[in-house]
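So the structure is just underneath, and the comments pick up after that.
Here is how names work: the chains are called A, B, and so on, in the same order as the sequence lines, proteins then strands, and each is numbered from 1. Just so we're clear, the structure is a prediction, and the values are computed from it rather than from any experiment.
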2 protein chains.
Amino acid sequence: MNLNPADAQFLKEGYLMAPLSDTEFADVLAHANVRTLTQGECLFNQGDPVTHFFFVLSGVINLCRVAPSGEEKVMDLVRPGFFFAEAAMFMGGRYPVNARGLEATRVVALDSKHFVGLVRGNGDLCLRLLSKMSRRMHEMINEIDNLTLHSGAQRVIGYLLEQLPEGAASPSVKLSVPKHVIASRLGIQPETLSRVLAKLRGKQLIDVHDDMIVLNDVDALRRLS
Amino acid sequence: MNLNPADAQFLKEGYLMAPLSDTEFADVLAHANVRTLTQGECLFNQGDPVTHFFFVLSGVINLCRVAPSGEEKVMDLVRPGFFFAEAAMFMGGRYPVNARGLEATRVVALDSKHFVGLVRGNGDLCLRLLSKMSRRMHEMINEIDNLTLHSGAQRVIGYLLEQLPEGAASPSVKLSVPKHVIASRLGIQPETLSRVLAKLRGKQLIDVHDDMIVLNDVDALRRLS
DNA sequence: CCATCTGATTGACCTAAATCAAGGCGGGAT
DNA sequence: ATCCCGCCTTGATTTAGGTCAATCAGATGG
């Protein structure tokens, strides 16, 4: 089944696709298709030869391994917006785990040989990919640091400052997603986010108008994060 | 200044070096040297041409950017065991940030052109790197999930199960690092780790003898994580 | 042998944030 | 209009885990 434009756009934002030029991406798309899995349906088994790697559009994929003792161990749960089996794709050989839909799930299946060929034949693309992945890893390290050594309030402030465009005229942020999604990304409950914003509003540091937040004192906020 | 064997070993464990063969690594080492920075000393400036990328041996590196408005913004703090400026190395051009020692700091400076040349001339190496980085990213995603949606006790149990060798005869774990380091990795205080272990001991789920921990009921523990 | 130091443990206490519960508000559909 | 139904906010309560502090066991060293 082919990808619709919304799926393609979502896929393009994935870290393995973002570094591709438009023509390269179109080339990859020509070797891709959508698979819809029912709950529990198997996508591939441990030991199968690697033919594709995947990107989750919706639902959740369960990557599990069957130990010699027979018990099944969940190795990873893959959520929308993330790839899986890319490491296997790059190395070739056989899949080290089973992949099943944990619920009804849609994935993009991308041709493994084709993508490896693309990377092999293009040193520049390879370096772009490595560069992109390096940056992503630094972001994730920072995210882990934030979660462990900053308070919820500090993470909220950090998020607001992050969203602030570089040289913006008025220091204001428009939230592009519902507040409960932001709360989840920051690792806090929606109630807590609401309370933090209320407290900052009380201190005159910000103004909140629905999804529009004006940062009244960027310096003070920066000192708090 | 040259690397001593301990430094080289530490560097080899970094994600960019782990995929290299011994001869490739030796080749990289031949183009590497150690720089010792005093507190506040500059390693490179924003806008300098990219000549090296780096690995922190000890201390902390402060990566900061000077905004047009003149104020200095800390972009990243890099701790021992991590690389920095690798993304810039892969892309070439100029460093997008300043790098300074936040305290007295030792780093390995690796020749940028040489490493890029190595990767460019060796498609297999390139794929090994991409594969390794993919795996690392999955690990980090899991770490973030753990931090946000598991309790401290669950993370401790998860850690113990992780350390458990695949088909070990006796289900026991020998802690290779001091407890306070483990606590830090799990994002909790040493006191909390101690309490969690005490509670598990109280429930007869584990036995603790100094740095040796025996898992009495692996299944029960697995259910709790 | 004692002095000291480091890491681990335990207790008392406190704070940040989760949870539970009750409205409020705007946008659709009927 | 009225009724819902998400989404957000706010309040009351609970709890996990951090902080502070005392103690203890081993290690090191004079």
Output the rounded distance in Å from [atom1] ([X]) to [atom2] ([N]).
X: A:Ile182; N: D:dC8; atom1: CD1; atom2: P; value: 8 Å
X: B:Leu149; N: C:dT19; atom1: CG; atom2: C1'; value: 17 Å
X: B:His209; N: C:dT9; atom1: NE2; atom2: P; value: 13 Å
X: B:Lys179; N: C:dT6; atom1: NZ; atom2: C1'; value: 14 Å
X: B:His150; N: C:dA17; atom1: NE2; atom2: P; value: 20 Å
X: A:His180; N: D:dT9; atom1: NE2; atom2: P; value: 12 Å
X: B:Ile213; N: C:dA8; atom1: CD1; atom2: P; value: 11 Å

Take A:Gln189 and A:Thr192 through the test side chain to side chain donor-acceptor pair (under 3.5 Å) and record every step on the way to the result. CA-CA 5 Å; A:Gln189 299 309 112; A:Thr192 305; over 6 Å; no
Give a yes or no on whether A:Lys12 atom NZ has more than 12 heavy-atom contacts from other residues, nucleotides or ligands under 6.0 Å away.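 It does: A:Lys12 NZ has more than 12 such atoms within range.
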For the pair A:Phe10 and A:Phe55, name the ring-plane relationship: parallel under 30°, tilted 30 to 60°, perpendicular over 60°.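 Ring orientation of A:Phe10 relative to A:Phe55: perpendicular.
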Give the ring-plane orientation class for A:Tyr95 versus A:Phe44, where under 30° counts as parallel, over 60° as perpendicular and anything between as tilted.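 Parallel.
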Evaluation steps, side chain to side chain contact (heavy atoms under 4.5 Å, CB included), between B:Leu11 and B:Phe25: CA-CA 10 Å; B:Leu11 172 62; B:Phe25 183 60; 4.1 Å; yes
Of all of residues 189-202 of chain A, which get a heavy atom below 4.0 angstrom from DNA chain C, listed by number?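 Correct list: A:Gln189, A:Glu191, A:Thr192, A:Arg195.
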Pairwise 5' ranking along DNA chain C for A:Ile188 and A:Asp210, keeping only the more 5' one: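 The residue whose closest nucleotide sits nearer the 5' end is A:Ile188.
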So, do B:Tyr15 and B:Phe83 have ring centers that fall under 6.0 Å from each other?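 Between B:Phe83 and B:Tyr15, which both carry aromatic rings, the centre distance is below 6.0 Å.
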